Each structure stands twice: as structure tokens, then as C-alpha cells.
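All remarks here apply to the structure that follows.
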Number of protein chains: 2
Amino acid sequence: MNSQSEEDYLKALYHLQTESNSVSTNSIANYLKMKPSSVTDMLKKLAEKNYVNYQKYKGTSLSKKGKLVALQIIRKHRLWETFLVEKLDFGWGQVHLIAEQLEHIKSEELIEKLDVFLGNPKYDPHGDPIPNKKGRIEKMNQKLLVELHQNQKGIITGVKRGTASLLSYLDKENIKLGDSVKVLEVIEFDGTFIVEINKRKLTFSEKICQNLLLETYD
Amino acid sequence: MNSQSEEDYLKALYHLQTESNSVSTNSIANYLKMKPSSVTDMLKKLAEKNYVNYQKYKGTSLSKKGKLVALQIIRKHRLWETFLVEKLDFGWGQVHLIAEQLEHIKSEELIEKLDVFLGNPKYDPHGDPIPNKKGRIEKMNQKLLVELHQNQKGIITGVKRGTASLLSYLDKENIKLGDSVKVLEVIEFDGTFIVEINKRKLTFSEKICQNLLLETYD
DNA sequence: TGGAACTTTTAGACTAAACTAAATCTCTCT
DNA sequence: AGAGAGATTTAGTTTAGTCTAAAAGTTCCA
């Protein structure tokens, strides 16, 4: 079992590591708002447990094992965020801090049942993909609604960052993540889209279309 | 903000304290599976913060302030337990340990929204009352179904401890906490009850009646 | 009423995870 | 090449919460 702190470091590593190159001690310290010396200590400990490849002065990268743990925490984080937004009606600014706490709750079964309860969502409300139990992230094919053309279909996966009010608008219209959308018509003049969702015909302004994320199947 | 450990001690105090008499250091140690010396240390700290009345060698009791904090943790615990059983379909043995973790999540708003989401339940699935936001516990008038007589009514609040399978039976029959029950008839011969729930007529064996908790209004 | 048995507290030590300050390493630029 | 800047590590300290061992207090009964 890993401590909360260890989990935070692994998650930070995951978010900071682009492709296969390694991450500097300073950048981790900066990301986690800690002193570099504290980071060094923890990296040694994580290296000891084979979660990271750490070489003095040379940077750090996640091992396979560490990456899997990181992905499982991210899975929990995103499932809880989905729960908070979808079921408890939270806005966005708020969910991150709470999910940051919830992601450390220890129980395999809890997270599997939560997943089922939420309908096995593939994306969280920000449109970020939710890794599966084994840490696999499905290759996603996400587009903004504005990028679709007539007769294309997609599934609503989220909205762009910082557009909380769009989410509440959707909520008011009874539109949820996972709903199917078909583009019936695009009005060239003002960029308005006429779409069909749940057998209802709806009109979306250009601005909405620029912020609504869909998963498309080509 | 209180630490997880502080919260555990306050909760223990609440559970151990019968009426107004004080609790011994040893009994707390025993309850929390810790050494008495550790308990003494923490009690001093809690006394410093005015959560408890502590006198060397004389026992400890919760202050008004400490009791309120304890009740708020118990509120969280019971709401989460309700969530786990009602929404995530957990059995009983499992929920306590998970709720023990969830009860320490810090967010007023989370717990209020959870309360709303669950329909402001007054009892958790064990039939224990859920304190309100201000720490008030409604005086309860709980009885077992077997104690009711013809034409009496009640609201299902839970089942007795250790009868998880009854909960799943109720679930299968589509009966939920909060449903109204009216006793239509009691068969003297075998103690069977004929009741009405949700406009449906149902027959409950004596054993069921001995384990089903109701809130009655006389 | 005095001492054995039990309870409780004190004193001192340990661990995890943070910190500060100082030492060491690496990199780059002239 | 080497000197300075910046990154990183080391060494030593701190805090919360636990522990063990020993000292001190309380209770109760012969």
C-alpha cells in the first residue's frame, strides 16, 4: 500500500513526463509546491520501491510499475470528478480539490462499483479519458462539435476547460455526457448548428459548438 | 481544520461516552487499538483545543464543541454508508471500512450535496439516525415490524445488524429505505404479516418482521 | 490502613514527510 | 578550460503521531 504522498508524486511524474524523457527534480518541486530537497528524498524512496528510474542529477522517469499506479490514481480522480459533476451537480472549479482527496480512498471494489454506477464513462467532464482498470487509455477521437459536418454523429464527452456554464446549460436542457448527437444542418451565415439529441431537435450557437467535445466514429 | 487522527479520537469519545459520564484512557486505547500512552498525548492536545474536558487520572468527556465535531463526522460516515449501500449496491460487511475513509474528506459542500442526492435520509442502512448539519439527531421512534399491530403504519429505516441478505431481498422486491408500510393483517398462527408497500400487497415471514426497522408515528 | 494490582502519565525514541542551509554537481559561455 | 549560475543533493532539524519502558497515581481488599 502506498501513502498519499507517494501517490501524489507518482501522479505528478505522470503529468510532467512527456513521452519517454525524464523529469527534473525542480519541475516536480514546482508542480507539487515543495522544496527540491523534499523531492529528492521522496524520489529515492520511490526508486527503492521500483516505481521510478532515478539517477542522481540526471532526472527521473516512471517505471512500468509506477506508471500503472499513477494511471490507477488518475482513473479514480476522473471517475470521482464525473460523479461529482454528473450526480452531485457540482460546477467545475470545485471538483478538482475534492477529487484530489477522493482519489486516495483505498478500495478496488469501490472504484469498480462507482464505474458501473456511472455507466462506465470513457471520459470525465473535462473530456479527459478515464483509464480502465488495467491502466489502458482508449485512443480517443475527440473533436469539437464545430468541426463536424452535416450528418456526422458523435457522443458527448465533455466541454472545453473553463466553460462551466455550458455544462449547466446542458444540464438544464437535460443533455448528459454520453448522449448521442447528430448534425442535421449547419447554418453558414452564423455558424449555428441544428442537431438531434435524444430524438429532440436543438439549435446550438457557434459558441456552444466551439466548446462542446464529442467522440466521433468516422 | 482537524487531522484525521483527531477526528478518530473525537468519534471514539462520542461512541464510548454514555450520557454525561466520562471515558477512561484505557477504554479509548482499546477502542482505537492504540497504546494508552498515545491516547494520553492526544487527549492533552484535544483538551488544548477545547474539544474535550480532560483531567489527569480522572477521565475525559467531550466538550460541546468536540461533540459537534464528532457528530459531523458521524453524519458524514452515515451518509457515505447510505450512498454505498443504496447507490453502489454494496453489502454490509464492506461499507464500514470504506466509510471510515470517506468520512474524513473535507468539504462542507460535498456532504450537503450528497445529502440532497440521497434524498435527505434520516437513517442509514443500519437504522442508525443521521445527524443533521447542525449535529441534531432527531428523536427516533424506531420499532421492529414485528412490534406493530394491525393498521399501524411506519417508514422503513433499515434492518438489524448482520442481516445483509434481508437488504438484498428488499432490493430485489424493489423496496427501499423511506418506503411506507401499513400492516393490513397479522396471521397469528405463524406470525406472518400482510402489509402494503407502494400500493402493493406483500407477505412477510415472521423472521423478516423481526429484522426490519421502521420509524413509526403514533 | 497499607500494599498489590491495575490504570494512567511521563520520558525518551522512532518514522514519515516536510523544511533550511550548506555542499556538490552540471552546464554554459567566454 | 574554468568560473559562475543554476540545479540537485546532503546533512541536520521539525512536527505529528505513534511506540516502549518506567514512574506515578488510584483502588480495593484483607
Side-chain angles (χ1 to χ4, degrees), chain A residues 1-18 21-62 66 69-70 73 97 100-101 103-106, chain B residues 1-14 16-18 21-62 66 69-70 73 100-101 103-106:
Chain A
M1 199 85 314
N2 309 308
S3 72
Q4 188 152 323
S5 193
E6 287 171 326
E7 292 185 351
D8 287 338
Y9 278 90
L10 292 175
K11 198 167 58 119
L13 253 325
Y14 183 87
H15 286 309
L16 291 171
Q17 130 178 317
T18 31
N21 35 30
S22 64
V23 178
S24 76
T25 300
N26 255 7
S27 63
I28 301 170
N30 184 52
Y31 188 87
L32 294 175
K33 265 101 207 270
M34 285 201 235
K35 300 298 163 190
S37 54
S38 312
V39 175
T40 301
D41 284 351
M42 183 57 93
L43 289 177
K44 282 181 185 168
K45 188 176 163 193
L46 293 173
E48 195 60 42
K49 292 188 170 194
N50 290 312
Y51 285 131
V52 302
N53 309 115
Y54 165 71
Q55 298 213 113
K56 271 191 187 182
Y57 298 107
K58 302 289 176 160
T60 305
S61 62
L62 282 172
V69 174
I73 301 158
L97 276 177
E100 205 99 285
Q101 298 179 64
E103 74 191 5
H104 297 294
I105 301 291
K106 307 291 199 246
Chain B
M1 197 86 318
N2 310 307
S3 71
Q4 187 152 324
S5 193
E6 287 171 327
E7 292 185 350
D8 287 338
Y9 277 89
L10 293 175
K11 197 167 59 120
L13 254 325
Y14 183 87
L16 292 171
Q17 131 178 318
T18 33
N21 35 30
S22 64
V23 178
S24 76
T25 301
N26 256 6
S27 63
I28 301 170
N30 185 52
Y31 188 89
L32 294 175
K33 266 99 205 273
M34 285 201 232
K35 300 298 161 191
S37 54
S38 311
V39 175
T40 300
D41 284 351
M42 183 57 93
L43 289 177
K44 283 181 184 168
K45 188 175 161 193
L46 293 173
E48 195 60 43
K49 291 189 171 191
N50 290 312
Y51 285 131
V52 302
N53 308 115
Y54 164 71
Q55 296 212 114
K56 270 193 188 180
Y57 299 107
K58 301 288 176 165
T60 305
S61 61
L62 282 173
V69 174
I73 301 157
E100 205 97 286
Q101 299 178 63
E103 73 191 6
H104 298 294
I105 300 292
K106 307 289 198 251

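Since we're looking at a predicted model, the values are computed, not measured. Letters go in sequence order (proteins before strands), and every chain restarts at 1.
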**Message:** Using OP1 and OP2 only, check whether a side-chain N or O of K35(A) sits under 4.0 Å from dT9(D).
**Reply:** no
**Item:** Q101(B) side-chain N/O to K106(A) backbone N/O, donor-acceptor pair under 3.5 Å
**Value:** yes
**Fill in**
Closest to the side chain of N26(B), out of dC19(C), dT8(D), dT8(C), is dT8(C)
**Prompt:** Taking atom P of dT7(C) as reference, at what distance in whole Å does atom OH of Y31(B) sit?
**Reply:** 20 Å
**Side-chain donor/acceptor contact of S24(B) with base of dT7(C) under 3.5 Å** = no
**Request:** May I ask you to say what T25(B) touches in the nucleic acid, namely base, sugar-phosphate or nothing, with a heavy-atom cut-off under 4.0 Å?
**Result:** sugar-phosphate
**Short side-chain N/O contact from Y54(A) to OP1 or OP2 of dT8(D), under 4.0 Å** = no
**Asked** Nearest to the side chain of K44(A) - dT10(D), dT8(C), dT18(D)?
**Response** dT10(D)
**Request:** Would you tell me if any nitrogen or oxygen in the side chain of K56(B) comes within less than 4.0 Å of OP1 or OP2 on dT10(C)?
**Result:** yes
**Message:** Check this for me: does the side-chain of S5(B) come within 3.5 Å of the base of dT18(D) through a donor and an acceptor?
**Reply:** no
**Prompt:** Where the side chain of Y57(A) is concerned, which of dT9(C), dT18(D), dT9(D) is the nearest nucleotide?
**Reply:** dT9(D)
**Prompt:** Using a cut-off of less than 4.0 Å, is there contact between a side-chain N or O of K58(A) and OP1 or OP2 of dA7(D)?
**Reply:** no
**Request:** Select one nucleotide: of dT9(C), dT20(D), dT24(C), the one nearest the side-chain heavy atoms of S37(B).
**Result:** dT20(D)
